[in-house]
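All remarks here apply to the structure that follows.
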Amino acid sequence: MPVILEAVQLTKQYQEYTALRQLSLSIDTGEIFCLLGQNGAGKTTTINLFLGFLEASEGKALINGIEVRPNSNATRQHIAYIPEVVQLYGNLSGIENLDFFSRLAGFTYSKQELAAFLQKAGLQQEANSKRLAAYSKGMRQKVAIAIALAKNATVIFMDEPTSGLDPRATAEFTAICKELAAAGKTIFMATHDIFNAVNLGSRIGIMKQGSLVHTVHTSGISATELQQLYLETI
Amino acid sequence: MNEIKIIAGHFLKITFRSRMLVTIYAVWLLLVVFAAFTGYSTYTTQNTLRTQLQQQARQSWEANPDKHPHRMAHFGSFAFRLKHPLSMFDYGMESYTGNAVFLEAHKQNTVNFSEAGFSTGLLRFGEISLSVLVQLLLPLVLFFLGFHTVARQKENGTLKIVLSQGTGLGAVIWGNSLGLFVLSVLFLLPVAVAAFVQMMLQQQLPADGFVITRGLWLLLVCMGYLWVVSTVAICVSASSTGSRAALLKLLGIWLLMAIVLPKTLQAVGSAVYPAPGKFEFETAVEEDMLKIGDSHNPKDAHFARLKDSVLKAHHADSIQQLPFNYGGFQMREGERLSAEVYNQHLKGLYNTYTRQNAISNYAAFINPFIGVKNISMALSGTDFTAYRHFQNHAEAYRYQLAQTMNELQMEHISNTAPAKDAKPLSIGKEHWTAFPDFRYTHQSVQAITQQQLPAVAAIVIWFLFSFAFIYFTAASAKVL
């Protein structure tokens with residue numbers, strides 16, 4: 001599989017503080033890469049560097065072979081982003097939110113097509129026209145996934161997406177992510193959830209104080225072993 | 001461009017869904033109706049009254065019997081200042097400036113009877129006019145409706161999703177600015193309709209008022225101003241770390257622009273260029289008048305010299321031999337000299353006021369509110385220049401009245417005093433009718449534009465600056 005995401009000696013320094021140190025990483029198309037680490041380990045900084053919201057102090061981030069800075073407008077054509085808390089616009093319905101974000105990305109869909117994306121993301125049809133303010137966190141996550149689907153993003157960045165979700169919503173979310181990966185989408189996820197990372201990810205990275213300390217394939221490690229490794233690392 | 005349209009439409013959509021907007025708009029409409037009614041009522045009442053009083057003054061003038069023209073010069077007349085129809089939109093200085101002046105020979109009376117002079121202290125709390133709503137209150141409403149636009153999206157992470165769709169921060173700022181501007185136009189619309197209805201309710205609009213031209217200029221300037229306000233609101237929102245910070249900054253800007261700067265600059269103007277008080281001014285005029293002499297006093301040195309030179313020029317030994325009435329000639333000369341002295345002092349006073357106002361006029365480059373206020377007052381005929389224009393008009397009429405009476409005296413009154421029991425020297429009353437009535441004409445739009453060039457230039461620069469502001473905010477604002 002071709003490499004879709006690449007970090008080359010990627011570093012982010014805030015004066016004396018190094019948020020990310022010499023990160024080198026390659027992620028293939030269709031891979032689900034989970035980044036584990038404590039708060040402040042550099043997970044979100046890595047995502048923000050790939051999204052082009054931060055400028056690297058050293059090194060470079062590449063998406064589909066294109067350096068993010070100064071081409072963030074071009075690289076953003078390929079990506080979608082799902083934050084920990086998806087707020088979107090509370091006084092618009094799910095379908096209206098999806099319509100707005102799709103049109104921003106340059107796609108104009110009919111109401112039926114938009115409803116189909118929401119359904120594919122796992123949102124129940126009767127919720128489509130309800131205002132987002134009445135949605136649960138899991139439902140809003142699904143709208144964010146529908147936004148990624150409607151955009152036909154090849155890489156989806158997720159920042160602690162299962163944080164605060166109940167077990168059922170987490171399971172639904174995991175299933176959707178697997179479907180996305182099976183469809184060739186690459187998922188780059190920052191998470192604290194070790195068990196979900198093992199269950200969902202194809203590879204896992206463990207970060208500590210801005211450095212990527214370990215990278216493991218989930219095929220060769222159990223959740224307990226990963227937890228042990230994680231605890232030893234941090 | 002498409003992204004900007006999408007974001008602008010989205011801004012309007014989510015704003016229209018807000019119940020807060022319905023409440024604000026309802027209050028706004030009530031205020032517009034109140035301000036429009038108050039403006040209409042004041043204008044109609046005042047202009048009707050002033051027109052009637054002007055007619056009464058004329059009738060009183062014409063009703064005089066055969067009389068000595070100099071008595072008529074002292075009988076005098078009144079000049080009433082008719083409001084410009086757009087004063088219904090912007091009251092400007094109208095409430096504080098006088099609107100009637102008694103015109104008589106030898107004396108330049110002050111313009112009196114301001115509305116403030118007949119009002120309670122409540123006037124000091126300010127008036128709610130349509131212009132106050134558009135220029136002062138609407139920016140506050142726009143700041144309130146726009147402060148959270150980008151800042152809240154930044155706070156809750158939605159902005160990152162928006163930007164990850166491939167949209168630039170520039171498009172976000174442009175789109176929201178455009179959306180807020182369209183919203184501001186929706187607030188402006190009932191004001192424009194109210195002003196239009198105010199005009200339509202008038203039986204006749206003054207031909208020299210150029211109401212449509214002035215109104216369209218006013219609309220254009222207000223729209224430019226609202227665009228600047230909209231972009232400031234969105235740029236501050238985009239460059240702030242959170243919506244609370246954005247609101248505080250915008251409230252600070254509003255206070256500074258609408259209250260602190262105008263008041264401070266007014267005080268600075270008065271301190272840097274102090275103007276004499278009314279008593280001081282009148283004393284200075286009086287002192288200079290005394291220096292040139294008293295045309296009523298036959299023993300006055302200046303006028304005694306004048307008499308000698310006139311007699312010499314006409315090879316006459318006494319005024320009885322002169323081909324004209326010497327008293328009229330002397331009054332004409334006295335009027336000319338006293339008017340010269342007065343006008344010289346008045347010019348000096350006006351120059352001081354002009355310097356004071358210049359500080360405020362050029363402050364429009366740092367405060368667009370001052371610029372739009374100055375242009376609005378000027379186009380509505382309610383600024384100091386419009387008042388001064390009336391005062392000049394009235395003084396020119398007074399001078400013409402006095403000198404016409406002096407010339408009638410020179411032409412028709414004998415130099416020989418009548419016998420003790422004879423009829424007093426007089427001329428026919430037809431002369432009073434022949435003298436034209438006072439008619440005030442408003443300034444031309446061209447003259448106003450020339451006077452307001454600094455303010456116009458400032459608004460144009462602010463308009464252009466708004467684009468630069470968007471550009472630099474988009475380039476420097478932090479998404480995280």
Side-chain angles (χ1 to χ4, degrees), chain A residues 12 14 19 44-45 47-55 63 68 71-93 96-108 131-133 140 143-145 147-148 150-151 153 155-160, chain B residues 1-23 145-146 148-176 178-179 183 237-239 241-243 474-480:
Chain A
K12 181 64 190 173
Y14 295 102
T44 303
T45 302
I47 289 179
N48 283 332
L49 285 163
F50 272 113
L51 291 173
F53 297 145
L54 289 177
E55 195 167 2
I63 297 175
V68 173
N71 308 300
S72 47
N73 279 349
T75 54
R76 282 177 194 162
Q77 303 299 322
H78 306 282
I79 63 162
Y81 169 68
I82 301 175
E84 179 185 351
V85 180
V86 178
Q87 290 283 348
L88 305 180
Y89 303 103
N91 56 0
L92 298 187
S93 68
E96 285 171 330
N97 267 288
L98 179 57
D99 180 46
F100 168 64
F101 284 101
S102 302
R103 284 191 296 128
L104 272 189
F107 298 94
T108 307
R131 290 196 177 190
L132 218 74
R140 276 186 267 129
V143 176
I145 291 170
I147 290 170
K151 190 188 175 183
V155 184
I156 305 172
F157 291 93
M158 300 178 176
D159 198 351
E160 300 180 24
Chain B
M1 192 61 198
N2 194 37
E3 287 171 336
I4 294 170
K5 268 162 59 184
I6 292 168
I7 293 169
H10 173 74
F11 171 87
L12 290 170
K13 193 174 185 175
I14 55 173
T15 309
F16 288 149
R17 291 270 173 94
S18 160
R19 282 183 193 164
M20 189 178 68
L21 180 73
V22 177
T23 312
L145 291 172
H148 63 274
T149 310
V150 184
R152 188 168 293 167
Q153 292 186 53
K154 203 188 272 191
E155 274 171 337
N156 66 25
T158 305
L159 185 63
K160 282 170 82 174
I161 303 178
V162 169
L163 298 179
S164 65
Q165 292 299 95
T167 307
L169 188 58
V172 172
I173 297 172
W174 266 107
N176 283 301
L178 191 62
L183 197 64
S237 181
S239 58
T241 47
S243 49
S476 61
K478 289 176 181 167
V479 178
L480 302 176

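In what follows, every chain begins at residue 1, and chains take the letters A, B, ... in the order their sequences are listed. Everything numeric in this text was worked out from a predicted model, so none of it was measured.
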- Message: Please output the residues of residues 9-17 of chain B in contact with chain A, using a heavy-atom cutoff of under 4.5 Å, in numerical order.
- Response: B:His10, B:Lys13, B:Ile14, B:Arg17

- To the nearest 0.5 angstrom, please state how far the CD1 atom of B:Ile161 sits from the CD1 atom of A:Ile82.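 CD1 of A:Ile82 is found 8.0 Å from CD1 of B:Ile161.
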
- Note on the structure: d(B:Leu480 CG, A:Thr45 OG1) to nearest 0.5 Å is 9.0 Å

- Message: Counting heavy-atom pairs closer than 4.5 Å to chain A, which one of B:Val162, B:Ile7, B:Asn2, B:Leu169 comes out on top?
- Response: B:Val162

- Message: Does any backbone or side-chain atom of A:Tyr89 lie under 4.5 Å from a heavy atom of chain B? Answer side chain, backbone, both or neither.
- Response: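 For A:Tyr89, the contact with chain B is made by the side chain alone.
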
- So the side chain to side chain donor-acceptor pair (under 3.5 Å) pairs with at least one residue in residues 159-174 of chain B (sequence neighbours excluded) are A:Asn48-B:Lys160, A:Tyr81-B:Lys160

- Task: Quick one: closest heavy-atom pair of A:Asn73 and B:Gly166, and the distance?
- Result: OD1-O, 4.2 Å

- Item | Option in A:Asn91, A:Val86, A:Leu51 with maximal non-hydrogen atom pairs under 4.5 Å from chain B |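 That would be A:Asn91.
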
